[in-house]
Amino acid sequence: MALKAVRRVNEWDGPSMLKVYTPYTGTPQAPEKEPPELQDYIQRIDKYTYGLGWLLAEVDCQTVGFCHLMEDRDDPKNLFSVEFQLYVRPDYLRRGVGTALWSLMRDMMEEGSRRQALARVYRDNPGALAFFRSMGFKEYNTEDNIVILKYDLTPAEENPERPTKPYLIDRYAYESSRERAAGLIRPL
C-alpha cells in the first residue's frame, strides 16, 4: 500500500517542487518562461508559506504535486481574496492529486476566513479549465487568452479584521482536513 500525504511545505521541499514545476515553465500553464533558480524558488517558498500558504502532495515520499496562494493580482491589498496555483506531476494527472491539494487548501482558507479564491487558466488548457469547474469554480472574467475563475469560500468567521495565516490554523482542523485530503489521492 502506498504512503500518501498532503501537508504544508517547508524550504527543504524546494528541489522536489521545482522538479514538478520546471516542465510547466515556458508553457501556457505557468507564469514564467524559464525555471527559477533553486535559491530564488526557496526564497519564494519562505515568503509565501507563512503568509499565504503552500501545500505539497506526496506518494511514497515523492512529490507528486503542490499548490500555493498568492495575492490577488487585480486587488493585491484585499487580504480576503487570493489566487490559487496548482501544479501536478504529469504522470499523476487525474489521480486525485489536484483534488486533494484543493480540498486541503480550501479548508485552510475557509478556516482562516478568506472569502474568495481565483484561478487564472489559459483558454488553451481544457484539462485545467475542466478541473477547476469540477471543483466549483465559476468563470468570472477573461483577459486576452486567460480565463479567470472564481470560487466563493465560506469563511469560518464572518467579519474578521484580517484572515488567519495558514500556519496558525487550529491543528485539529488542519489534521483532519489533511488526512481526508490524502485519502483522495489514487497512487499509480
Side-chain angles (χ1 to χ4, degrees), residues 6-11 13-36 38 40-58 63-76 78-90 92-94 96-110 112 114-153 163 165-166 181:
V6 181
R7 62 173 175 80
R8 293 179 181 125
V9 168
N10 63 57
E11 63 273 3
D13 296 315
S16 68
M17 291 169 59
L18 199 50
K19 284 181 186 174
V20 171
Y21 180 65
T22 294
Y24 287 98
T25 59
T27 72
Q29 289 114 347
E32 297 172 285
K33 302 273 185 247
E34 298 288 326
L38 178 58
D40 294 336
Y41 203 64
I42 290 170
Q43 287 175 350
R44 195 180 302 175
I45 291 168
D46 283 343
K47 175 182 177 186
Y48 286 110
T49 296
Y50 298 105
L52 293 170
W54 289 60
L55 297 175
L56 177 83
E58 296 174 311
T63 300
V64 296
F66 69 93
C67 67
H68 64 90
L69 300 176
M70 56 186 287
E71 294 90 359
D72 180 343
R73 293 180 213 189
D74 298 327
D75 191 4
N78 181 353
L79 301 176
F80 296 96
S81 177
V82 290
E83 186 174 318
F84 176 76
Q85 293 191 353
L86 172 68
Y87 300 96
V88 177
R89 218 169 74 183
Y92 268 88
L93 291 171
R94 294 177 188 78
V97 174
T99 303
L101 289 163
W102 167 247
S103 171
L104 179 55
M105 187 65 84
R106 183 200 59 229
D107 289 354
M108 289 176 62
M109 286 188 292
E110 289 182 343
R114 298 217 188 256
R115 296 191 185 108
Q116 79 176 6
L118 302 171
R120 293 173 183 271
V121 179
Y122 274 87
R123 194 174 300 286
D124 299 338
N125 190 349
L129 287 170
F131 168 78
F132 283 108
R133 288 180 178 132
S134 74
M135 294 297 108
F137 282 76
K138 306 285 185 223
E139 193 166 322
Y140 174 65
N141 202 353
T142 57
E143 293 175 357
D144 298 321
N145 201 23
I146 297 173
V147 177
I148 302 169
L149 300 130
K150 180 174 91 166
Y151 186 94
D152 291 320
L153 297 159
K165 294 184 185 260

Any side-chain heavy atom of Thr27 within less than 4.5 Å of one from Asn125?
no

Fit a plane to each ring of Trp54 and Tyr41, take the angle between them on a 0 to 90° scale, and name the class: parallel (under 30°), tilted (30 to 60°) or perpendicular (over 60°).
perpendicular

Does the Thr22 side chain pair with the main chain of Lys19, one donor and one acceptor, at a distance under 3.5 Å?
no

Taking side chain as C-beta onward, heavy atoms only, is Val82 less than 4.5 Å from Met109?
yes

Between Leu18 and Pro36, the two heavy atoms sitting closest are CD2-O, 3.7 Å

Shortest non-hydrogen contact between Asp72 and Ser81, atoms and distance
OD2-OG, 2.8 Å

Glu58 side chain reached by Leu56 side chain, heavy atoms, under 4.5 Å
yes

Distance col, row Ile148:CD1 vs Phe132:CZ, nearest 0.5 angstrom, shows 12.5 Å

Could you walk me through whether Val64 and Val88 pass the side chain to side chain contact (heavy atoms under 4.5 Å, CB included) check?
CA-CA 6 Å; Val64 296; Val88 177; 5.8 Å; no

Taking every non-hydrogen atom, the tightest pair across Arg114 and Leu153:
O-CB, 3.6 Å

Stepwise salt bridge (charged side-chain N to carboxylate O under 4.0 Å, His left out) check, Arg44 with Asp46
CA-CA 5 Å; Arg44 195 180 302 175; Asp46 283 343; over 6 Å; no

Would you say Leu55 and Phe66 make side-chain contact, with heavy atoms under 4.5 Å?
no

Could you tell me whether the side chain of Leu52 reaches within less than 4.5 Å of the side chain of Glu71, counting heavy atoms only?
yes

Should Asp13 and Arg7 be marked as a salt bridge (charged side-chain N to carboxylate O under 4.0 Å, His left out) after you check the CA-CA gap, both sets of side-chain angles, and the distance that decides it?
CA-CA 11 Å; Asp13 296 315; Arg7 62 173 175 80; 2.7 Å; yes

Over all heavy atoms of both residues, which pair between Gly14 and Ile42 is shortest? Give the atoms and the distance, please.
CA-CG1, 4.4 Å

Taking atom CZ of Arg123 as the centre, report whether more than 12 heavy atoms of other residues, nucleotides or ligands fall under 6.0 Å from it.
yes

So, Glu139 and Lys150, do they make that salt bridge, N to O below 4.0 Å?
no

Separation between CE (Met17) and SG (Cys67), nearest 0.5 Å, reads 9.0 Å

Value for CE (Met70) from CZ (Arg120), rounded to nearest 0.5 Å, stands at 8.0 Å

Worked check of side chain to side chain contact (heavy atoms under 4.5 Å, CB included) between Asp124 and Asn145
CA-CA 8 Å; Asp124 299 338; Asn145 201 23; 3.3 Å; yes

Parallel, tilted or perpendicular, as decided by the 30° and 60° cut-offs, for the rings of Tyr151 and Phe137
tilted

What's the spacing between Phe84 CZ and Met135 CE if we round to 0.5 Å?
9.5 Å

Any sub-3.5 Å donor-acceptor pair from Arg89's side-chain atoms to Tyr21's backbone N or O?
no

Without hydrogens or angle criteria, can the side chains of Glu32 and Thr25 be said to hold a donor-acceptor pair below 3.5 Å?
no

Backbone of Pro23 reached by a side-chain donor or acceptor of Tyr87 within 3.5 Å:
no

Working to the nearest 0.5 angstrom, can you tell me the gap between Ile45 CD1 and Leu38 CG?
8.0 Å

Applying side chain to side chain contact (heavy atoms under 4.5 Å, CB included), run through Arg115 and Asp152 and close with a yes or a no.
CA-CA 6 Å; Arg115 296 191 185 108; Asp152 291 320; over 6 Å; no

Closest non-hydrogen contact found for Ala57 with Val97 is CB-CG1, 3.8 Å

Taking side chain as C-beta onward, heavy atoms only, is Leu69 less than 4.5 Å from Met105?
yes

Spell out, as yes or no, whether a donor-acceptor pair under 3.5 Å connects the side chain of Asp144 to the backbone of Ile146.
no

Short question: side chain of Arg8, backbone of Pro166 - any donor-acceptor pair under 3.5 Å?
yes

Should Asp74 and Glu143 count as side-chain neighbours, where that means a heavy-atom distance under 4.5 Å?
yes

Any side-chain heavy atom of Leu149 sitting closer than 4.5 Å to one from Leu118?
no

Distance-minimising heavy-atom pair for Leu79 and Pro163:
O-CG, 3.2 Å

